[in-house]
Protein chains: 2
Amino acid sequence: MATIKDVAKRAGVAVSTASYALNGIEKVSAATIDKVLRAAEELNYQKNGFASDLKRTKTNTIALLLSDLSGPYFSELIKGVQEVTASNGFDLIACSSVGGEKSTASKFLKEKRVDGAIILAQNISTEVIRSSARKDFPIVVLDRKVDNPFVIHVEVNNRQGGYDATEYLIEKGHRSIAYVSGPLNSHDNEERFQGYQQALKDHKIPSQSRLKINGDFTREGGYRSTKMLIAQQNLPAAIFYANDEMAIGGLKAFSEKNIKVPDDISIIGFDDILLAEYVTPPLSTVRQPKYEAGALSVHMIFQMLAGEEVEKSFNLPTDLVERQSVTGHERLDKD
Amino acid sequence: MATIKDVAKRAGVAVSTASYALNGIEKVSAATIDKVLRAAEELNYQKNGFASDLKRTKTNTIALLLSDLSGPYFSELIKGVQEVTASNGFDLIACSSVGGEKSTASKFLKEKRVDGAIILAQNISTEVIRSSARKDFPIVVLDRKVDNPFVIHVEVNNRQGGYDATEYLIEKGHRSIAYVSGPLNSHDNEERFQGYQQALKDHKIPSQSRLKINGDFTREGGYRSTKMLIAQQNLPAAIFYANDEMAIGGLKAFSEKNIKVPDDISIIGFDDILLAEYVTPPLSTVRQPKYEAGALSVHMIFQMLAGEEVEKSFNLPTDLVERQSVTGHERLDKD
DNA sequence: CTGTTAGCGCCTTCAT
DNA sequence: ATGAAGGCGCTAACAG
């Protein structure tokens with residue numbers, strides 16, 4: 001591989017001159033630029049990005065660290081991040097944190113291979129984040145709290161979202177409402193659950209522990225939980241699934257048992273993933289402002305990078321989207 | 001930021017010793033390792049990834065260059081790539097090529113910031129790919145042909161897939177079959193179209209140019225094309241959409257005009273995206289082995305990296321997946 | 001087992 | 001306008 005040295009030699013100039021010419025710095029004559037460019041062309045010269053970054057101590061790229069690159073869930077978020085990043089002339093790379101501590105994502109964090117990072121990946125330890133963030137390496141976290149002046153929190157208001165979903169069900173006349181939860185260590189899940197509890201309480205509906213059941217945020221988990229609920233012979237009037245994936249799993253369980261949604265039971269999800277609109281019946285859910293979250297995150301990174309004083313915590317509102325998985329008719333409740 | 005020098009000084013050893021200790025190279029005593037690690041800990045030392053890569057001239061990471069990170073279409077492909085990459089102890093980063101020549105993706109290619117790359121991004125020029133690939137930087141392309149001994153082609157047999165889809169429609173008794181195409185400059189589209197034409201020919205069905213219409217691979221495009229077809233008052237018995245997105249757009253157009261699929265018209269797509277199973281009616285389509293393509297791609301990169309002699313071109317078979325958008329009853333055809 | 005040292009390829013100050 | 005030279009932080013001979 002040709003280096004800048006080779007180019008300089010071939011063009012018959014000093015390395016520094018070649019560097020100037022290559023980087024378009026106004027210090028060399030047109031003739032020299034021409035010579036250098038031609039030499040570079042002939043040698044098929046490509047600059048070595050690392051050497052350059054090392055010298056500049058700046059990469060002009062930010063990283064998006066995701067627990068799973070292939071998750072369709074991230075689509076909108078990525079779009080938000082991507083657009084803002086590009087419009088600021090920065091590069092964006094995405095990497096996955098499968099593998100936990102030794103994942104690519106952790107490595108990028110620890111080795112400061114980028115100028116800033118946005119994290120949505122449970123399996124990266126808070127400790128790593130805390131010890132990596134610093135003035136010239138701001139980090140935005142979307143799924144937790146980290147105690148460090150250089151990390152910014154962008155959250156959606158999961159609690160309010162959970163509250164709204166539950167209250168919506170209540171207002172439709174349902175009183176026994178189950179909650180199919182995500183993993184217990186999930187902050188998001190916890191918040192949604194708090195909202196659910198609060199809504200129940202505000203409407204003077206006693207919460208029953210048998211109606212809280214774990215679905216692990218997966219479609220499979222939602223399917224299993226729903227089957228259990230069905231097996232209990234005492235179906236609630238409505239179910240609030242802590243995310244859409246689980247709700248879709250639930251839909252499958254119901255359809256297998258020939259239980260009609262929403263005629264026999266009302267269900268609502270959370271997230272508003274792409275699929276929600278296409279399942280049968282179309283799933284009512286709580287939309288998360290994912291695009292906005294992504295865009296805001298990058299925005300904050302740039303502000304931090306510019307040394308500006310910024311808000312450290314953001315809370316984005318959710319929207320209830322009504323489709324057809326909830327009805328207004330209360331079914332006969334036996335409890 | 002603390003450097004290895006600081007660590008060495010604090011531990012009271014030479015830099016090389018610190019380096020050995022930090023990298024777990026069997027050359028230092030346990031006591032020294034301990035001293036160094038402690039010093040590193042105290043200084044909150046993090047290695048500078050660039051310096052390290054620069055020195056090693058090896059990054060242990062491969063890049064996946066996609067035209068759009070947020071496309072749900074890539075999900076399975078990414079999964080295949082990710083798993084194989086991880087199981088080989090390499091890192092994976094994904095980046096987008098929005099922005100064309102000056103995109104992050106192009107930059108990664110040109111500046112050799114990774115050890116190998118997998119490309120599925122129309123808007124990266126073949127020229128850049130050709131001039132970047134070399135012995136220590138193998139590239140696999142999923143969407144074109146590039147003339148360079150260090151680029152490998154992994155293709156899905158689009159032609160056969162197009163043929164199969166068309167023949168399937170023919171066997172179901174349909175004779176007037178429209179083709180809603182993708183962008184004309186798309187290699188994939190062209191192949192699918194060839195397959196379509198060939199099947200028609202083999203079954204002695206004349207192809208009519210009015211039945212070929214451009215849908216641009218987008219849902220919107222499929223919607224528009226379908227409306228045009230409907231407006232012509234002379235609907236074909238079946239439509240082969242060159243991808244699922246367009247077919248889903250078509251479904252919308254039909255439902256608006258109250259035309260029943262598959263009773264009034266049969267349609268088939270291509271890709272088998274996640275949604276295909278969930279639309280109404282579930283879409284029959286041609287599945288692309290995306291996971292396999294991803295896995296195979298990385299695999300080939302590793303082989304190249306290991307200096308092995310390898311096959312330069314692969315052609316993966318497609319599967320026809322029957323769902324409910326095609327019927328066996330031919331409708332009355334007027335042409 | 002530990003220390004000295006020479007670069008990796010590039011950028012950039014300083015001198016010419 | 002151009003050239004010489006000193007690092008950026010790290011690794012890996014080589015010497016002890």
Does Tyr45(B) put a side-chain nitrogen or oxygen below 4.0 Å from OP1 or OP2 of dC10(D)?
-> yes
Does any N or O donor sit under 3.5 Å from an N or O acceptor when you compare the side chain of Ser16(B) with the base of dT4(C)?
-> yes
For the student: nearest non-hydrogen atoms of Ala39(B) and Val7(B), plus distance | CB-O, 3.8 Å
Check whether the side chain of Lys55(A) and the base of dG7(D) form a donor-acceptor pair under 3.5 Å.
-> yes
Hey, what do you get for OG1 (Thr126(B)) to CG (Asn148(B)), rounding to the nearest 0.5 Å?
-> 11.5 Å
State whether Asn23(B) places a side-chain N or O below 4.0 Å from either non-bridging phosphate oxygen (OP1 or OP2) of dT11(D).
-> yes
Which part of the nucleic acid, if any, lies within contact of Phe50(B), taking any heavy atom under 4.0 Å across all strands shown: a base, the sugar-phosphate backbone alone, or nothing?
-> nothing
OP1, OP2 of dG9(D) versus side-chain N and O of Ser52(B): anything below 4.0 Å?
-> no
Respond yes when some side-chain nitrogen or oxygen of Thr57(B) is under 4.0 Å from OP1 or OP2 of dC8(C), and no when none is.
-> no
Does Thr17(A) place a side-chain N or O at less than 4.0 Å from the phosphate oxygens OP1/OP2 of dG3(D)?
-> yes
Reckon Ser19(B) has a side-chain N or O less than 4.0 Å from the OP1 or OP2 of dA12(D)?
-> no
With DNA chain C as reference, determine whether Leu54(B) or Val28(B) sits nearer its 5' end, using the nearest nucleotide of each.
-> Val28(B)
So, is Lys27(A) near the phosphate of dT12(C), with a side-chain N or O under 4.0 Å from OP1 or OP2?
-> no
Flag side-chain contact, heavy atom, 4.5 Å: Ser97(B) against Leu65(B) | no
Think Thr3(B) has a side-chain N or O under 4.0 angstrom from the OP1 or OP2 of dC8(D)?
-> no
Arg134(B)/Asp136(B) salt bridge by N-O under 4.0 Å criterion | yes
